[in-house]
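Note on naming: letters A, B, ... go to the chains in the order of the sequence lines (proteins, then strands), and numbering restarts at 1 for each one.
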Number of protein chains: 2
Amino acid sequence: MAAVDLTTHPGHLARRLQQAHYLLWNTMVSEEITSPQFAVLNALVAEPGLDQRTVGERVGLDRSTIAEVISRLGRRGLLDKVRDPQDGRRFLLRLTDEGVRTHRKLTVRTARMNQVFLAPLSADEQTLFFDLIRRVSDAAEGLRNPVEPLAVRS
Amino acid sequence: MAAVDLTTHPGHLARRLQQAHYLLWNTMVSEEITSPQFAVLNALVAEPGLDQRTVGERVGLDRSTIAEVISRLGRRGLLDKVRDPQDGRRFLLRLTDEGVRTHRKLTVRTARMNQVFLAPLSADEQTLFFDLIRRVSDAAEGLRNPVEPLAVRS
DNA sequence: AGTAATTAGTCAGGGCACTGATTATTTCAG
DNA sequence: CTGAAATAATCAGTGCCCTGACTAATTACT
């Protein structure tokens, strides 16, 4: 009696959207490299030598998850990890040649996949789609890290 | 040089959206029951006595995942699982009283959470948001199960 | 009736995602 | 300069998500 219509629940829709994407990625882009892994490669192409934590921040992965993802990419020989001589807590990350090649190859396929994925929407709708999702995500992210209460320095 | 802007990649946005939702759910709805678990409870409120596979279909979870989710709900005493006497392969699922109570409680909180989550969008934009995401997901889902090619019976 | 194909569910294995606790290093304060 | 706070990374634990291989039960085809 009291059942609810999940198609008006953003969380449920978000999950379905991600599943749909996962499937398409698997068939059109790669079965080896996942979408989050590609995001890490991409971040390191843009800014080589980043440390692990910062990469996680760039692509939206927490400290634990980014460690796993990086470990997998390292095992596949797509990136190198070296202690920062300036700060012994950090590891600096840099793509190998193989990592750069992989990124380049997947960039092309990803673009094709995105076209297919978004094909049901007109160009205007696609823009709107990005905008709406981004606004909702950013707002929720903001709730997470409440703006520092402007601490009053005694 | 060849780095790409992930904010125009639907997969990346979908992942971020889901993370944002996960966080909000955890703080505003429940730390025990997850959103997919609630979806299962909801499906069984709507249609008590469904079998496992069909529940999975209703909420969009594959056979393996639905088995895990149901096992957790069973462990928590929120549902019962009995062999179908008509078909010994199936398990029929039914919420316990505790399961019904939990569903009712979470329904209220979920509605509140959805309001907060969608607050950055106007009413019209919310409708559009649902519509765009649903269209993209459904289309991708369609690619997955290509329409049976109308097999020509010799 | 008896074998073949289908179907429901399980299991093993890989990957993503979060929290809370721990370790090592650096920085800050007195 | 030394003890305390902060920071980068790891680890253990839980849960979601998929695939491919397998088992058990049912249905369909001779």
Side-chain angles (χ1 to χ4, degrees), chain A residues 11-12 14-27 30-40 50-57 59-76 81-93 140-141 144 154, chain B residues 11-12 14-27 30-40 50-57 59-76 81-93 140-141 144 153:
Chain A
H12 187 249
R15 187 167 62 77
R16 282 202 55 216
L17 185 65
Q18 225 210 332
Q19 285 171 354
H21 175 262
Y22 174 87
L23 249 12
L24 204 56
W25 180 281
N26 239 289
T27 59
S30 172
E31 293 186 341
E32 324 273 296
I33 306 297
T34 65
S35 171
Q37 286 173 21
F38 174 72
V40 168
L50 280 186
D51 68 301
Q52 199 167 306
R53 194 196 66 74
T54 308
V55 172
E57 204 174 272
V59 302
L61 293 175
D62 69 296
R63 64 203 186 296
S64 288
T65 306
I66 194 66
E68 295 177 19
V69 172
I70 283 176
S71 139
R72 285 180 206 113
L73 291 173
R75 251 188 281 137
R76 284 181 187 284
K81 192 172 158 177
V82 292
R83 278 271 181 214
D84 183 345
Q86 253 69 62
D87 184 340
R89 290 168 301 184
R90 281 194 179 74
F91 282 106
L92 302 184
L93 305 172
E141 184 71 19
R144 180 85 185 109
S154 65
Chain B
H12 187 249
R15 188 167 62 77
R16 284 202 53 215
L17 185 65
Q18 224 209 332
Q19 284 170 354
H21 176 262
Y22 174 88
L23 250 10
L24 204 58
W25 179 281
N26 240 287
T27 61
S30 171
E31 293 186 341
E32 324 273 295
I33 307 297
T34 65
S35 170
Q37 285 173 21
F38 174 73
V40 169
L50 280 187
D51 67 303
Q52 199 167 306
R53 192 195 68 73
T54 308
V55 172
E57 203 173 273
V59 302
L61 292 175
D62 68 293
R63 63 204 186 294
S64 288
T65 306
I66 195 66
E68 296 177 18
V69 172
I70 283 176
S71 140
R72 286 180 203 112
L73 291 173
R75 253 188 280 137
R76 284 181 187 283
K81 190 172 158 179
V82 291
R83 279 270 181 215
D84 183 346
Q86 253 68 61
D87 184 340
R89 290 168 300 183
R90 282 197 179 77
F91 283 107
L92 303 184
L93 305 172
E141 185 70 21
R144 181 87 187 107
R153 213 74 174 82

Handout entry: Which residues share a ring-ring contact (aromatic ring centres under 6.0 Å, His included) with B/H12, sequence neighbours left out
Key = none

Nearest to the [X] side chain among [options], which nucleotide is it?
X     : options                : result
B/D62 : D/dG15, D/dC18, D/dT10 : D/dC18
A/Y22 : D/dC18, C/dT19, C/dT26 : D/dC18
A/S64 : D/dC17, D/dA12, C/dT10 : D/dA12
B/L61 : D/dC17, D/dA9, C/dA17  : D/dC17
A/Q18 : C/dG20, D/dC17, C/dA17 : C/dA17
B/R89 : D/dG15, C/dA17, C/dA8  : C/dA8

May I ask you to say what [X] touches in the nucleic acid, namely base, sugar-phosphate or nothing, with a heavy-atom cut-off under 4.0 Å?
X     : result
A/T34 : sugar-phosphate
A/E68 : base
A/D87 : sugar-phosphate
A/R63 : base
B/D51 : sugar-phosphate

Using whole Å, what does the distance between atom [atom2] of nucleotide [N] and atom [atom1] of [X] come to?
X     : N      : atom1 : atom2 : value
B/R53 : C/dT6  : CZ    : P     : 15 Å
A/E57 : D/dT7  : CD    : P     : 12 Å
B/L23 : C/dA17 : CG    : P     : 13 Å
B/L24 : C/dA17 : CG    : P     : 18 Å
B/I33 : D/dG15 : CD1   : C1'   : 12 Å

Whether [X] contacts [N] is assessed here as follows: a side-chain N or O lying under 4.0 Å from the phosphate OP1 or OP2. Is that the case?
X     : N      : answer
B/Q52 : C/dT10 : yes
B/R90 : C/dT7  : no
A/K81 : D/dA8  : no

Exercise for the section: If a pair satisfies side-chain hydrogen bond (donor to acceptor under 3.5 Å, both in side chains) and one of its residues is in residues 82-91 of chain B, list it, with sequence neighbours excluded. Expected result: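 Pairs touching residues 82-91 of chain B that pass the test: B/D87-B/R89, B/D87-B/R90.
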
Handout entry: Option passing side-chain contact (heavy atoms from CB on, under 4.5 Å) with A/L61 (candidates A/I70, A/V55, A/I66)
Key = A/I66

